[in-house]
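To start, the structure itself, in structure tokens.
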Amino acid sequence: MAPPGPASALSTSSEPLSRSIFRKFLLMLCSLLTSLYVFYCLAERCQTLSGPVVGLSGGGEEAGAPGGGVLAGGPRELAVWPAAAQRKRLLQLPQWRRRRPPAPRDDGEEAAWEEESPGLSGGPGGSGAGSTVAEAPPGTLALLLDEGSKQLPQAIIIGVKKGGTRALLEFLRVHPDVRAVGAEPHFFDRSYDKGLAWYRDLMPRTLDGQITMEKTPSYFVTREAPARISAMSKDTKLIVVVRDPVTRAISDYTQTLSKRPDIPTFESLTFKNRTAGLIDTSWSAIQIGIYAKHLEHWLRHFPIRQMLFVSGERLISDPPPTLWPRAKTVLGPQEDHHGQALLLQQDQGLPLPEEGGGQQPAPLPGQDQGQDPS
Ligand SMILES: Nc1ncnc2c1ncn2[C@@H]1O[C@H](COP(=O)(O)OS(=O)(=O)O)[C@@H](OP(=O)(O)O)[C@H]1O
């Protein structure tokens with residue numbers, strides 16, 4: 001038998017070499033696949049958490065995606081601020097999570113929709129003082145990033161109950177630079193003794209330029225609320241959703257009726273004397289609707305130019321893109337920050353800054369306005 005030639009010697013010595021290369025290749029392939037899988041899982045998780053606001057927006061798509069944010073003109077705004085939108089997505093993971101309907105309240109008032117926050121206990125106005133409704137639960141990207149800080153709200157939706165306040169807040173918070181507490185804090189009417197630190201702790205984290213908001217419709221009819229909000233900051237922007245007082249009262253009554261079916265009829269509660277047409281203005285459903293009376297208290301502490309009145313009816317009939325530019329007259333010219341033109345729509349039937357405030361938009365929250373309540 002002939003001795004093994006150089007060719008066969010080569011094949012024997014190269015066999016372990018190619019095997020080792022093959023092993024290395026396999027290893028690299030495995031790592032690549034693992035990394036891809038991890039990346040895919042992370043991306044999937046982000047997408048799930050940054051999904052639509054369920055419950056009120058009625059959408060099923062992420063704000064910014066085609067068809068998403070229909071109520072607030074969200075896609076347009078998000079397209080304008082892709083970086084800001086992304087930043088908000090990261091920071092707002094809990095806010096985009098599924099919401100659960102409110103538990104019935106004893107006092108007949110409607111509690112706000114709550115964020116589902118398994119890692120958190122309690123909520124504003126509840127026993128869990130200091131709990132944070134929109135705080136990031138452990139393990140989210142928001143917590144990892146730990147960006148921003150909690151600020152007292154620069155703008156508050158103060159009323160009116162059943163005016164459409166929830167819808168308005170949801171419209172506004174689609175904007176990447178608006179961050180809001182999901183539930184109603186009821187700080188200035190029920191929990192004032194807990195102090196501003198407690199209140200601030202309820203707020204979501206914000207970055208520079210972002211606005212913190214909350215809504216508690218009962219503030220509008222709380223006598224102490226104007227002075228208390230003014231004591232927090234005279235610059236606070238106030239938003240009031242007004243609606244035909246009769247429709248509002250019916251909505252209020254219907255809500256109570258759904259919880260207490262044995263209450264008297266709307267008519268018997270409304271009228272002191274039906275034949276004389278004498279209305280019982282002490283009934284809360286009627287009381288709340290006497291807007292001018294409540295407004296008087298607010299105007300003692302805030303100039304009217306710092307208030308935005310939104311028509312509750314228009315929240316339903318108007319396309320939201322017409323709402324946002326109007327809201328900006330109170331919230332501030334956010335678009336200017338991003339080099340975009342500020343659109344003021346003065347023909348939309350809502351009050352704009354008055355004489356002295358001129359036709360310019362109100363200054364950004366936090367900016368010195370040099371305004372004296374008049
Ligand atoms: N866009 C949109 N989406 C959903 N709901 C809307 C919207 N605009 C206004 N409304 C009507 O607002 C009414 C509830 O008002 P509030 O959110 O202020 O109620 S609450 O005070 O917070 O309980 C409630 O009124 P009623 O249905 O008459 O009870 C809502 O129908």
Side-chain angles (χ1 to χ4, degrees), residues 53-58 71 97-118 120-129 131 133-134 156-171 180-192 194 202 214-225 239-272 274 279-291 293-294 310 312-313 315-316:
V53 177
V54 176
L56 287 147
S57 68
L71 289 174
R97 293 158 70 208
R98 207 154 60 81
R99 296 182 182 181
R100 58 170 175 264
R105 291 167 51 117
D106 294 338
D107 56 10
E109 268 195 58
E110 186 182 306
W113 285 62
E114 303 271 357
E115 312 280 348
E116 287 193 344
S117 309
L120 301 168
S121 61
S127 54
S131 61
V133 175
I156 303 177
I157 299 175
I158 55 171
V160 300
K161 186 186 173 195
K162 307 313 289 178
T165 54
R166 171 56 56 187
L168 179 65
L169 187 72
E170 298 306 328
F171 287 159
V181 185
E184 294 173 10
H186 281 282
F187 175 65
F188 295 105
D189 58 343
R190 297 186 195 149
S191 304
Y192 195 61
K194 288 182 175 154
L202 300 177
E214 70 119 317
K215 80 117 183 164
T216 305
S218 48
Y219 291 162
F220 188 67
V221 295
T222 302
R223 283 295 287 269
E224 302 81 11
I239 302 173
V240 193
V241 188
V242 281
R243 186 181 180 188
D244 180 324
V246 177
T247 331
R248 197 221 67 81
I250 294 170
S251 170
D252 207 337
Y253 173 80
T254 311
Q255 185 186 327
T256 313
L257 188 69
S258 68
K259 288 163 190 161
R260 288 184 276 155
D262 53 339
I263 58 169
T265 62
F266 181 83
E267 199 177 30
S268 61
L269 287 166
T270 303
F271 292 102
K272 267 184 181 166
R274 181 75 180 90
I279 288 172
D280 184 358
T281 51
S282 66
W283 181 35
S284 70
I286 301 291
Q287 262 282 321
I288 294 171
I290 309 172
Y291 302 144
K293 184 182 132 238
H294 305 295
V310 174
E313 281 79 15
L315 275 182
I316 298 171

Tell me, with the steps shown, if D280 and F271 meet side chain to side chain contact (heavy atoms under 4.5 Å, CB included).
CA-CA 5 Å; D280 184 358; F271 292 102; over 6 Å; no
For a ring pair (Phe, Tyr, Trp, His ring centres under 6.0 Å) check, start with the C-alpha distance between F266 and W283, then their side-chain angles and the critical distance, and finish with the verdict.
CA-CA 11 Å; F266 181 83; W283 181 35; 5.6 Å; yes
Using the side chain to side chain contact (heavy atoms under 4.5 Å, CB included) rule, take F188 and I156 through it: C-alpha gap first, then chi angles, then the decisive distance, then the call.
CA-CA 11 Å; F188 295 105; I156 303 177; 3.9 Å; yes
Check the pair Y253, T270 against side chain to side chain contact (heavy atoms under 4.5 Å, CB included), reporting the backbone distance first and the verdict last.
CA-CA 10 Å; Y253 173 80; T270 303; over 6 Å; no
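A distance of 9.0 Å separates CD1 in I286 from CG in L269, rounded to the nearest 0.5 Å. Residue I157 holds its CD1 atom at 6.5 Å from OG1 of T165, rounded to the nearest 0.5 Å. To the nearest 0.5 angstrom, K162 atom NZ is 13.0 Å from I250 atom CD1. With values rounded to the nearest 0.5 angstrom, K293 atom NZ is found 10.0 Å from I288 atom CD1.
For S251 (side chain) and T247 (main-chain N/O), no donor-acceptor pair under 3.5 Å exists by modelled atom type. With hydrogens and angles ignored, the 3.5 Å screen pairs a side-chain donor or acceptor of R248 with a backbone N or O of K161. Checked by atom type and distance alone, the side chain of H294 never pairs as donor or acceptor with a backbone atom of Y219 at under 3.5 Å.
The aromatic rings of Y291 and F220 lie perpendicular to each other, with more than 60° between the two planes, well past the 30° mark.
For the pair E184/K215, a side-chain contact is recorded, criterion being any heavy-atom separation below 4.5 Å from C-beta on.
Nearest heavy atoms, A167 versus L315: CB-CD1, 4.4 Å. Across all non-hydrogen atoms, the minimal contact from L169 to V181 is CD2-O, 3.7 Å.
E313 meets the side-chain hydrogen bond (donor to acceptor under 3.5 Å, both in side chains) test with no other residue; sequence neighbours excluded. Qualifying salt bridge (Lys or Arg N to Asp or Glu O under 4.0 Å) partners for R243, counting only residues two or more places apart in sequence or in other chains: none.
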